[in-house]
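A short worksheet on the structure shown next.
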Amino acid sequence: MDWDKLRVFHAVAEAGSFTHAGDTLNLSQSAVSRQISALEENLQVSLFHRHARGLILTEQGESLNRTVRDVFAKLAMTEALLTESKEKPTGRLKVTTTVGFGSHWLASRVNSFLSTYPDVSMTLLLDDADLDLAMREADVAIRMHTPKQPDLVQRHLMTLQWNIVASKEYLAARGTPTRPEELDDHALILFGDYRPPMTEINWLAQAGRRAGQPRRAVMEVNSLHAMAMAARGGVGIAALPSWMSEEVDGLQHVLTDLKPPKVDVYFVYPEELRNSKRVAVFRDFLLAEIQGLQ
């Protein structure tokens with residue numbers, strides 16, 4: 001099988017159309033179509049079902065794409081390791097973490113890391129769902145839950161601390177709760193439409209109540225930053241990670257004796273990158289920065 005045709009096939013399989021794959025590869029739609037037709041002719045199988053709304057992989061196409069994805073992922077990993085200097089960290093580092101942590105805490109500190117290691121560039125991939133490190137969707141991840149993949153190297157970074165916060169104006173108008181049961185009489189701001197593993201993010205809705213009977217929110221929003229802004233604006237009470245609540249002005253802590261759920265944060269990466277200089281110095285940078293959160 002020709003490598004160029006496999007590269008085109010993989011792009012089409014991921015994009016779902018000749019046009020979008022052509023945009024990615026900087027090829028015309030007709031050129032992409034010819035490459036796929038030639039590959040199908042060589043293999044004597046159909047790789048795609050063609051219909052008006054796009055392309056769907058056949059069973060044979062699915063099988064080939066699984067293999068091609070794995071091969072290209074391993075090639076990308078090998079390329080990164082071969083181009084990295086043994087003396088100093090160099091090259092691109094793809095980092096994934098949650099939208100809240102990445103945009104609010106990590107992005108504001110990246111300059112310190114990149115200034116220290118000028119031969120390293122960084123790509124931040126912010127997603128509340130886990131990207132597949134084994135398939136090289138990212139090099140390393142900062143995850144707010146225990147890693148489930150057994151083949152990943154993991155380093156515990158910290159145990160997440162929570163603060164229950166509201167604005168001075170809200171507390172003056174509605175009163176300050178002194179027991180978790182009193183939250184029944186308050187407006188809560190919760191994280192909405194949350195699907196990833198850290199289900200404890202809305203623990204405040206259940207605090208002081210019988211299991212299975214959570215409080216309803218006055219506002220739900222799928223952004224920790226928006227929750228903090230809403231709390232500062234007087235909408236209600238929110239439970240926020242300390243790395244966010246302590247860096248937003250205008251928030252007061254309440255129910256400081258209430259024990260939140262334990263959420264462990266991990267730095268994870270594939271076994272193949274165990275000896276990577278880029279990964280090692282970024283891990284050490286994170287550990288040093290996180291000491292300020294403890």
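Using a 4.5 Å cut-off between side-chain heavy atoms of Ile, Leu, Val, Met, Phe, Trp and Tyr, with links allowed through other members, L240 and M219 fall into the same hydrophobic cluster. Clustering ILVMFWY residues whenever any of their side-chain heavy atoms sit less than 4.5 angstrom apart, transitively, puts L133 in a cluster other than the one holding L286. Linking Ile, Leu, Val, Met, Phe, Trp and Tyr residues whenever their side-chain heavy atoms come within less than 4.5 Å leaves M135 and L64 in two separate clusters. If you chain together hydrophobic residues whose side chains sit under 4.5 Å apart, M158 and L287 fall into the same group. Hydrophobic clustering keeps V268 apart from L106 (ILVMFWY residues linked when any side-chain heavy atoms are closer than 4.5 Å, directly or through intermediates).
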Exercise for review: Take Y170 and H186 through the side chain to side chain contact (heavy atoms under 4.5 Å, CB included) test and state the conclusion after the steps.
Suggested key: CA-CA 10 Å; Y170 173 86; H186 285 270; 2.8 Å; yes
Point to revise | Full working for side chain to side chain contact (heavy atoms under 4.5 Å, CB included) between R143 and V265 | key: CA-CA 6 Å; R143 291 184 174 160; V265 181; over 6 Å; no
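Across all their heavy atoms, D119 and P89 have their closest contact at CB-O, 3.7 Å. Nearest heavy atom pair, residue A238 against residue L204, reads C-CD2, 4.0 Å. Minimum interatomic distance between V221 and A226 (heavy atoms only, all atoms of both residues): CG2-CB, 3.6 Å. Here the closest non-hydrogen pair linking L114 and M122 is CD2-CB, 4.2 Å. Scanning both residues, S167 and A231, for their nearest heavy atoms gives CB-O, 3.3 Å. Between L224 and M244, the closest heavy-atom pair is O-SD, 3.2 Å.
Looking at V99 and D127, their side chains never come closer than 4.5 Å, going by heavy atoms from C-beta outward. Between V165 and I237 the shortest side-chain heavy-atom distance does not fall below 4.5 Å. Side chains of K5 and N42 form a contact here, defined as non-hydrogen atoms less than 4.5 Å apart. With contacts defined as side-chain heavy-atom distances shorter than 4.5 Å, the pair S103/L126 qualifies. Within the 4.5 Å cutoff, the side chain of R215 has heavy atoms near those of the L183 side chain. Contact check for D139 versus R278: side-chain heavy atoms found under the 4.5 Å cut-off. Side-chain contact between W162 and L160: present, with at least one pair of heavy atoms (C-beta onward) separated by less than 4.5 Å.
Between the side chain of T123 and the main chain of K94, no donor-acceptor pair closer than 3.5 Å is present. In this structure, E40 contributes its side chain and S46 its backbone to no donor-acceptor pair below 3.5 Å. Judged purely by atom type and a 3.5 angstrom limit, R92 has no side-chain atom pairing as donor or acceptor with the backbone of S121. Formation of a donor-acceptor pair under 3.5 Å by the T97 side chain with backbone atoms of A141 is not found in this model. In this structure, N202 contributes its side chain and F191 its backbone to a donor-acceptor pair below 3.5 Å. Between the side chain of R109 and the backbone N or O of W105 there is at least one donor-acceptor pair closer than 3.5 Å. For the pair E137 (side chain) and D132 (backbone), a donor-acceptor distance under 3.5 Å is present. Between the side chain of R216 and the backbone N or O of A205, no donor-acceptor pair lies under 3.5 Å.
Pairs of residues two or more places apart, or lying in two chains, that qualify as ring pair (Phe, Tyr, Trp, His ring centres under 6.0 Å) and include a residue from residues 110-143 are F113-Y117, F113-F282, F113-F285. A salt bridge (Lys or Arg N to Asp or Glu O under 4.0 Å) check over residues 160-180, counting only residues at least two apart or in different chains, returns the pairs R179-E181, R179-E182. Applying the salt bridge (Lys or Arg N to Asp or Glu O under 4.0 Å) test to pairs two or more places apart or on separate chains, none has a residue in residues 217-242.
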Sequence neighbours excluded and cut-off under 3.5 Å, please list the side-chain donor-acceptor pairs for residues 10-21, or say none.
| unit_1 | atom_1 | unit_2 | atom_2 | d |
| --- | --- | --- | --- | --- |
| H10 | ND1 | N65 | OD1 | 3.2 |
| E14 | OE2 | N65 | ND2 | 3.3 |
| S17 | OG | H20 | N | 3.0 |
| S17 | OG | H20 | ND1 | 3.2 |
| T19 | OG1 | Q29 | OE1 | 3.3 |

Under 3.5 Å donor-acceptor pairs involving side-chain atoms of residues 250-263, not counting sequence neighbours:
none

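A donor-acceptor pair shorter than 3.5 Å can be found between the side chains of N163 and S245. A donor-acceptor contact closer than 3.5 angstrom is absent between the side chains of D128 and T98.
Here L55 contributes atom CG and T58 contributes atom OG1; the two are 11.0 Å apart, rounded to the nearest 0.5 Å. Here the CG-OG distance, from L57 to S63, works out to 10.5 Å after rounding to the nearest 0.5 Å. Taking OG1 from T67 and CD from E62, the interatomic distance works out to 11.5 Å, rounded to the nearest 0.5 Å. Separating the OG1 atom in T96 from the CG atom in D130 is a distance of 8.0 Å, to the nearest 0.5 Å. Here the CZ atom belonging to R274 is positioned 10.5 Å from the CD atom belonging to E272, to the nearest 0.5 angstrom. In this structure, CD on Q44 lies 12.5 Å from CD on Q60, to the nearest 0.5 angstrom.
Heavy atoms of other residues, nucleotides or ligands lying less than 6.0 angstrom from CG of N26 number 12 at most. The neighbour count for E41 CD, taken as heavy atoms of other residues, nucleotides or ligands under 6.0 Å away, does not exceed 12. Counting heavy-atom neighbours within 6.0 Å of Q213 CD, excluding the residue itself, gives a total above 12.
The aromatic rings of H104 and H225 sit tilted, their planes meeting at an angle between 30° and 60°. Ring planes of Y266 and H156: perpendicular class, angle over 60° (limits at 30 and 60°). Aromatic ring orientation, Y269 versus F267: tilted (interplanar angle from 30° to 60°).
Put simply, the residue from V32, D2, L47, L43 that forms a side-chain contact (heavy atoms from CB on, under 4.5 Å) with F9 is L47.
Hydrophobic cluster of L131: the remaining members, joined at side-chain heavy-atom separations below 4.5 Å, are L125, listed by chain and number.
The pair D184-R209 counts as a salt bridge, with a side-chain nitrogen and a carboxylate oxygen less than 4.0 angstrom apart.
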